[in-house]
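In what follows, a single structure is set out as structure tokens and then discussed.
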Amino acid sequence: MTAELVRGQNHPLPQARLEIRVSAGTPVVAAATLGDENGTVHGAEWVAHPGTPALPGLEVSRQAAADHRLAVDLDAVPDAVHRVSVLLALAAADAAGPFRFGAVAAPFVAVTGLDGTEVASYTITGLEAESAVVALELYRRQGAWKVRAVGQGYAGGLAELLADQGLPQAHRLAGTVQEAVAGGLARSVPAPSPQTADGDRARQTAAPALGPDHGAGAPQGTPAPVPAASPYGPQGAGGPQTSGGPQTSGGPIDYSHPRRQHAAPPVPAPTAPPAAPGQPAQPVAGDATGWSMDERLYNQVWGMFEDLARTAAAYRSAVDFAESRMEKEIDQALSDPRSRIGGQGDAAREAARTRHAQLVAQAREALDRDVAQLAAEAAVVEPALPAAYARWDNPVWHAYRVPMEIPMAVRLGDLRLPEADRIRIPMLVRLPLERGLWIDSGRSGSLDGSFADSHERGRLALEAAVAHAARLLAVYPAGEFTVHVIDPSGAGTQALAPLVQSGVLAAPPALGAAGTADVLARLTQRVDLVQMALRGGAADALPPGLDTSQQLLIVNDFPHGFDDRAVNQLRYLADEGPAVGVHLMLVADREESAGYGPLLDPLWRSLLRLTPVADDHLADPWVGHAWTYEPSLVPPGSQVLQQVLTMVAAARHSWNR
């Protein structure tokens, strides 16, 4: 629950990695100072400002703007730092702007988690002649961090504020900050422009908390009642949503994503070289906004997905309009009996078909232009992707090293549309996983006619599951991701060999009813213990030796060999596990579970369905296209999977020592 602070009030901070979001009625300069236990700032190197935006554990905006997002990692600040003060100042270089906070709306600041959840907020009221203010203070007390609403204003501006914090040569640093603003290092970023006729695309950024996700949609390419999954956002039961609400006939359709936020993080992205007149801008990897290159690439992939969806929707809408218009014109021409005599009817039909062909050609020309631009962007983005986002054939895997931090997302495959079959959009899913995975070994919806033999389907599905599990293991730091396998009949021995032989599994695959019961009992107990600890506010009271890493359970050949108790435990893990770090990956053919009746329907609905071959079964959440999903598989003959798993196993063993 958000704490709405008043001046002087404090509130505990539940996590170390935070964002400070600022909203003001006019462009302001955002800065932050690091202070010791007495609040003293010892030098310019203790101040983050537009000219020097990054310090250990702290990053501020380079721009003067009405909206800011500051990044804070309290675990990364030096041990000597006991206080982080967030400062706001009016830009003196803006002669047309106000010179005191009393002339504008009261600034609003909020402390949020990285997922956008507000922890505390504060509206800075009571300011009059002040042109600089200490908005918030994050301070260390008895090993824990808290936030305090300060709201201390200074009529003497930033120089007076810094001097009050004990900073030597405060006036010189204040001048440096204002010079950085005036010199253009902190230019305001204008709002993105709409789609233009020359094909330039306005790139927005997805908020970090709303990254590529998945939800339920209308069935596409799968037998009812299997729900389609949406790879990039939840879709309500009412079908696809658009940001513009109900559309009226004759008006433009808004295909933008309804949850895209217009407020962009302040860190500037790489800029493309100037384009030749009349030519589209040259694409650059990482041209979206974000705090890091990984986030920029993640947001850029988001934009590519949205752009392709919008472009294809516009083309389909134009073709539908052309066909409807042609039919209407022909009906009108033939409704008059006089036009049926002689060549008038034939001429009217020919004219209608000509106009139809012209409209379709214009729509195709626009589609080809946009697709060419997207293809050029994909050609520069794909090689620049980090391992977590890259295909297995990307050379980045040959330089793989076990990461030190968890990435924003992981790639689970590719998405494409028939209008642009050559473009593959990476399907990125946020980490930690918010729902389990179902690798479908059934034949429903498959685009590959040879995918028919049940044994072959099961083998391919388990190989896909192994590739997904290996990628998850590879993108987590050592010791922070654990994989368990249940293979009741032992039918998956060959496909599971890479995981078993490399030594990355927590234990050998569980066989038979006894092994299945043991693994399920341990994981359900772990979920219960962590839930009780979190609900009781005693997360540090977990039993010693409890593995607190993220857990993934691969279940092969479900539901064969599973009794009612085991089925209920799996449903429990699918529903309750993701919130406490336990994730499920089923390798199953839904048709073979028909004997359980509706008992398993909630289980299937809670999982994201993936397939081992290309399959039309994913629906985007706002336009409703049926996207073809292609799994991320290791190229035949490649040793990259074994090499990566060997490094993961070595890092895991070193971590356990």
Side-chain angles (χ1 to χ4, degrees), residues 214 216 226-227 229 432-442 458 461-462 465-466 468-469 472-473 481-492 496 499-500 505-536 542-543 545-610:
H214 35 268
V226 178
L433 297 174
E434 296 181 1
R435 63 193 298 198
L437 305 176
W438 162 29
I439 314 302
D440 190 357
S441 59
L462 187 54
V466 168
H468 293 315
L472 288 167
L473 280 164
F481 198 85
T482 303
V483 176
H484 311 266
V485 176
I486 293 178
D487 185 20
S489 65
L496 292 169
L499 298 178
V500 175
L505 294 180
L511 303 174
T516 299
D518 177 64
V519 172
L520 291 178
R522 285 189 285 111
L523 288 178
T524 52
Q525 182 185 40
R526 182 192 183 280
V527 172
D528 290 338
L529 289 172
V530 177
Q531 280 185 337
M532 287 188 293
L534 293 176
R535 290 169 182 169
L542 291 169
L546 180 73
D547 186 0
T548 57
S549 66
Q550 297 281 313
Q551 311 281 309
L552 175 69
L553 173 60
I554 302 176
V555 179
N556 184 39
D557 208 19
F558 179 82
H560 297 297
F562 290 83
D563 56 22
D564 290 345
R565 175 179 173 81
V567 169
N568 285 326
Q569 287 175 315
L570 286 172
R571 285 183 54 184
Y572 177 72
L573 292 178
D575 292 338
E576 304 294 335
V580 291
V582 177
H583 312 284
L584 191 61
M585 184 186 293
L586 287 186
V587 179
D589 180 352
R590 183 172 181 177
E591 292 181 359
E592 295 182 359
S593 65
Y596 285 92
L599 175 66
L600 292 181
D601 287 347
L603 177 62
W604 302 122
R605 287 195 294 268
S606 67
L607 303 175
L608 172 63
R609 175 180 175 261
L610 303 177

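L552 is not listed as a side-chain neighbour of L473, based on a closest heavy-atom distance of 4.5 Å or more. A 4.5 Å side-chain heavy-atom check between L433 and L472 finds at least one atom pair inside the cut-off. Contact check for F558 versus L603: side-chain heavy atoms found under the 4.5 Å cut-off. Taking the side chain as every heavy atom from C-beta outward, I554 and L499 approach each other to under 4.5 Å. In this structure the side chain of L553 reaches within 4.5 angstrom of the side chain of L520, judged on heavy atoms. With a 4.5 Å cut-off on side-chain heavy atoms, L505 and L496 do not count as touching.
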L462/I439 under side-chain contact (heavy atoms from CB on, under 4.5 Å): CA gap, chis, key distance, verdict: CA-CA 8 Å; L462 187 54; I439 314 302; over 6 Å; no
Stepwise side-chain contact (heavy atoms from CB on, under 4.5 Å) check, L546 with V530: CA-CA 10 Å; L546 180 73; V530 177; 4.3 Å; yes
From CA spacing to verdict: side-chain contact (heavy atoms from CB on, under 4.5 Å), R522, V519: CA-CA 5 Å; R522 285 189 285 111; V519 172; 3.6 Å; yes
Test side-chain contact (heavy atoms from CB on, under 4.5 Å) applied to H468 and L610, step by step: CA-CA 10 Å; H468 293 315; L610 303 177; 3.9 Å; yes
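Taking every heavy atom of both residues into account, N556 and A491 meet most closely at ND2-C, 4.4 Å. Taking both residues in full, the closest heavy atoms of E434 and P578 are given as O-CB, 3.7 Å, listed atom of the first, atom of the second, then distance.
Note that CG of D547 is 6.5 Å distant from NE2 of H484, once rounded to the nearest 0.5 Å. In this structure, CG on L437 lies 9.5 Å from NE2 on H583, to the nearest 0.5 angstrom. We find the CG-CD1 distance between L570 and I486 to be 6.5 Å, quoted to the nearest 0.5 Å. Taken to the nearest 0.5 Å, the CG atom of D557 stands 11.5 Å off from the CG atom of L586.
In this structure, the side chain of S441 engages the main chain of D589 through a donor-acceptor pair within 3.5 Å. D487 contributes no side-chain N or O that, together with a main-chain N or O of P509, makes up a donor-acceptor pair within less than 3.5 Å. Checked by atom type and distance alone, the side chain of R609 never pairs as donor or acceptor with a backbone atom of W604 at under 3.5 Å.
Sorted by first and then second residue, the side chain to side chain donor-acceptor pair (under 3.5 Å) pairs with a member in residues 559-569 read H560-E592; sequence neighbours excluded.
Ionic pairing of R571 and D601 is not present here: no N-O contact between side-chain nitrogen and carboxylate oxygen is shorter than 4.0 angstrom.
Counting only N and O atoms by type, the side chains of S549 and Q551 include a donor and acceptor under 3.5 Å apart.
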